[in-house]
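Step one of this worksheet: look at the structure below.
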Amino acid sequence: MFIIAVVLSISSAYADDFTQCSQSFYGGVYPEFSNTKLSNNTQALCMDGFAVMYSGVSRTPLWSAEYLTRKRLQQAKQIDREDSFHEESQLPQSMRAQLSDYSGSGYDRGHLAPNGDMANRSQQYDSFSLANIAPQSPRNNRYIWRNIESATRYLTQQYGEVYTVTGVAFTDKKAKQLAGRVLVPSHFFKAVYIPVSNQAGVYYAPNDESERIEIISIDELTAKIGIDVLPVLDAKTKAQALDLPLKAGEAMDIPEKKVEEPTWILFVVAIFEWVMTQLQT
DNA sequence: CGGATCTCCTGT
DNA sequence: ACAGGAGATCCG
């Protein structure tokens, strides 16, 4: 009996149990560490609307994964932002980041899975868990990241569904710390996979005030950070970086299968709007 | 072009 | 729970 309890507690200590939220991953397969050092003291968390791989070493998420659809984003637009930053009660105290770690640090509490993607209050609350948040340079968070989050929602709108994995990297020899407890990532990334065109690309940005950003392939991301965020993709898709837009509304180089409303719907909407303007005068 | 609103936050 | 900052964006 004792042995069984020990085995259970050990297996849950580095649980990669995402069975309750496998729908957040393309093909149901979650990101894979190629740099095994990263897997030290990690904890898998199934949140409402997304999945998180959390590190008790950095006291940040390493990545958060979401499955986005038109319907989800349409619902997300209906709820206003309600801030509720909080510690993650699913984590043991020793692994948790605390609100006090961030206060007065000069860093923003940057969401990985963004509030803007959350379709109801429960999902929204979970997105404000510190298990989904990492110290982010203010200009990066408020200008660069805001744009790529809205560009990702725009792509979802265009192509109907998108899988995305947002995460952080620690490429510097010595990472900065908040309160001697929370490590400050050197980079943020967001990988986007579009199933209907079988194309993937990654936004990759240093976590500083430079506002620099680059677009790379899944393979290049794996080489930089030691995580293959989309293990199921074929080799060609991983090697070729999709030329992702830097802001919502920007055109992208996908030749076929552009998803648009049939023209008759646009026609009906135009007539409806014209009638409404006539009624208002 | 000016003003209102939105969306990331901050601090008390 | 409240007030404010700052840039983007929308609208007349």
Side-chain angles (χ1 to χ4, degrees), chain A residues 47 49-50 52 59-61 63-64 66 68 70 72-88 97-158 162 164 166-168 176 178-179 181-182 184-185 187-190 192 203-213 244-251 266 269-270 272-281:
Chain A
M47 312 293 269
F50 59 103
V52 175
R59 293 195 177 84
T60 68
W63 49 257
S64 293
E66 304 162 80
L68 301 178
R70 282 204 195 97
R72 171 169 174 170
L73 295 186
Q74 190 192 338
Q75 291 169 340
K77 265 193 287 191
Q78 308 303 317
I79 52 172
D80 55 352
R81 180 176 173 125
E82 207 170 79
D83 288 26
S84 52
F85 291 104
H86 59 275
E87 293 180 27
E88 179 49 62
Q98 301 167 357
L99 293 170
S100 56
D101 295 332
Y102 284 81
S103 76
S105 68
Y107 284 89
D108 282 4
R109 295 170 288 198
H111 283 73
L112 295 203
N115 165 62
D117 291 350
M118 300 305 157
N120 57 52
R121 289 289 179 210
S122 168
Q123 292 184 1
Q124 182 178 55
Y125 178 79
D126 277 5
S127 83
F128 279 91
S129 163
L130 292 188
N132 181 48
I133 278 165
Q136 191 168 18
S137 175
R139 294 193 78 82
N140 182 299
N141 180 37
R142 298 174 194 186
Y143 312 134
I144 302 281
W145 221 248
R146 177 187 164 167
N147 276 343
I148 76 162
E149 283 170 358
S150 98
T152 304
R153 287 190 283 272
Y154 174 77
L155 292 175
T156 306
Q157 208 58 46
Q158 260 192 314
V162 146
T164 179
T166 311
V168 300
K176 281 188 213 157
L178 305 188
R181 291 165 37 85
V182 176
V184 178
H187 297 79
F188 276 66
F189 69 85
K190 186 185 284 290
V192 177
Y203 298 97
Y204 188 75
N207 186 25
D208 60 25
E209 300 290 281
S210 68
E211 302 196 29
R212 281 177 297 151
I213 184 160
L244 293 163
L246 291 176
K247 50 198 304 191
E250 247 174 34
L266 299 176
V269 169
F272 177 76
E273 284 174 353
W274 179 80
V275 170
M276 291 307 287
T277 61
Q278 297 307 302
L279 290 175
Q280 280 170 10
T281 54

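In what follows, every chain begins at residue 1, and chains take the letters A, B, ... in the order their sequences are listed.
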Return the value, rounded to whole Å, for the distance between atom [atom1] of [X] and atom [atom2] of [N].
| X | N | atom1 | atom2 | answer |
| --- | --- | --- | --- | --- |
| A/Leu73 | B/dT7 | CG | C1' | 15 Å |
| A/Tyr143 | C/dT9 | OH | P | 13 Å |
| A/Gln124 | B/dT7 | CD | P | 11 Å |
| A/Glu250 | C/dT9 | CD | P | 10 Å |
| A/Arg139 | C/dG5 | CZ | C1' | 13 Å |
| A/Asp83 | C/dG4 | CG | C1' | 13 Å |
| A/Ile148 | B/dT7 | CD1 | C1' | 15 Å |
| A/Glu211 | C/dA6 | CD | C1' | 12 Å |

| message | Quick one, A/Lys190 and A/Glu149 - any side-chain contact, counting heavy atoms below 4.5 Å? | response | yes
| message | Taking the side chain as everything from C-beta on, heavy atoms only, tell me whether A/Leu244 gets closer than 4.5 Å to A/Leu155. | response | yes
| query | Between A/His187 and A/Tyr204, how do the two ring planes meet: parallel, tilted or perpendicular, split at 30° and 60°? | reply | parallel
| request: Would you please classify the geometry between the A/His86 ring and the A/Tyr125 ring as parallel, tilted or perpendicular, with 30° and 60° separating the classes? | output: parallel
Under 4.0 Å from OP1 or OP2 of [N]: is there any side-chain N or O of [X] that close?
| X | N | answer |
| --- | --- | --- |
| A/Arg109 | B/dT10 | yes |
| A/Asn141 | B/dC9 | yes |
| A/His111 | B/dC9 | yes |
| A/Arg81 | B/dC9 | yes |

| message | Hydrogens and angles aside, do A/Tyr107 and A/Lys176 bring a side-chain donor and acceptor to less than 3.5 Å of each other? | response | yes
From the options [options], select the nucleotide whose nearest atom is closest to the side chain of [X].
| X | options | value |
| --- | --- | --- |
| A/Lys247 | B/dC9, C/dT9, B/dC8 | C/dT9 |
| A/Glu149 | B/dC8, B/dC9, C/dA6 | B/dC8 |
| A/Asn115 | B/dC9, B/dC8, C/dG7 | B/dC8 |

| message | On DNA chain B, compare the nucleotides closest to A/Gly106 and A/Arg153; which residue's is nearer the 5' end? | response | A/Arg153
| task | Have a look at A/Tyr102 and say if it touches a base, only the backbone sugar-phosphate, or nothing, with a 4.0 Å heavy-atom cut-off. | result | nothing
